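Notes follow the structure.
Owing to the predicted nature of the structure, the values given are computational and were not obtained by experimental measurement. Throughout, residue positions are numbered sequentially from 1 according to the sequence presented.
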Amino acid sequence: ERLRIAWPDAPSEHSLPSSKIVGLIHVAEHRLPAECPPEHPQTVWAVGPICHVIDKAIQLTRPIQHGGSQGLWEISPAAKEKLCRQIADLKVKQFE
């Protein structure tokens, strides 16, 4: 429901890449959901228990095959090399 409200034209989950690194984000800060301004368009995602405020993102032009899991995980040396080569030419998108 939240996805449909925030992003009505979102592609179906099954059409999205899986087991791939599709980009990088920078987490500027952490907040509780109650600390997220209700008028901000991204507050729809603030369900907690901790909300990560993202201020920068890079979308890869060529997703990199890589397994992952919930939480933090190590990137393989081969994937890191591919990632480093690719991000040199990409722009960083800034968010407020």
Considering residues, nucleotides and ligands other than [X], do more than 12 of their heavy atoms fall under 6.0 Å from its [atom1]?
{"X": "Glu13", "atom1": "CD", "result": "no"}
{"X": "Lys20", "atom1": "NZ", "result": "yes"}
{"X": "Gln70", "atom1": "CD", "result": "no"}
{"X": "Glu35", "atom1": "CD", "result": "yes"}

*Step by step, would you call Leu24 with Leu83 a side chain to side chain contact (heavy atoms under 4.5 Å, CB included)?*
CA-CA 10 Å; Leu24 301 172; Leu83 183 62; 3.9 Å; yes

*With sequence neighbours left out, write down each residue that passes salt bridge (Lys or Arg N to Asp or Glu O under 4.0 Å) with Glu29, or none if nothing qualifies.*
Arg31

*What about Ile25 and Ile64, same hydrophobic cluster or not, with Ile/Leu/Val/Met/Phe/Trp/Tyr joined at side-chain heavy-atom distances under 4.5 Å?*
no

_With a 4.5 Å cut-off on side-chain heavy-atom distances among I, L, V, M, F, W and Y, is there a chain of contacts connecting Leu90 to Ile21?_
yes

*State, yes or no, whether a side-chain contact exists between Arg62 and Gln86 at a heavy-atom distance under 4.5 Å.*
yes

*asked:* Can you confirm whether Ile58 sits close enough to Val92 that some side-chain heavy atom of one is under 4.5 Å from a side-chain heavy atom of the other?
replied: yes

_Of all pairs that satisfy ring-ring contact (aromatic ring centres under 6.0 Å, His included), the ones with a partner from residues 56-96, not counting sequence neighbours_ = His66-Trp73

_Under 3.5 Å: donor-acceptor pair, side chain of Gln65, backbone of Ser19_ = yes

Cut-off 3.5 Å, no hydrogens considered: what does the side-chain donor-acceptor table look like for residues 43-52, sequence neighbours left out?
residue : atom : partner : partner atom : Å
Thr43   : OG1  : Pro37   : O            : 2.5
Thr43   : OG1  : His40   : O            : 3.3
Trp45   : NE1  : Gln42   : OE1          : 3.0
His52   : ND1  : His30   : ND1          : 2.8

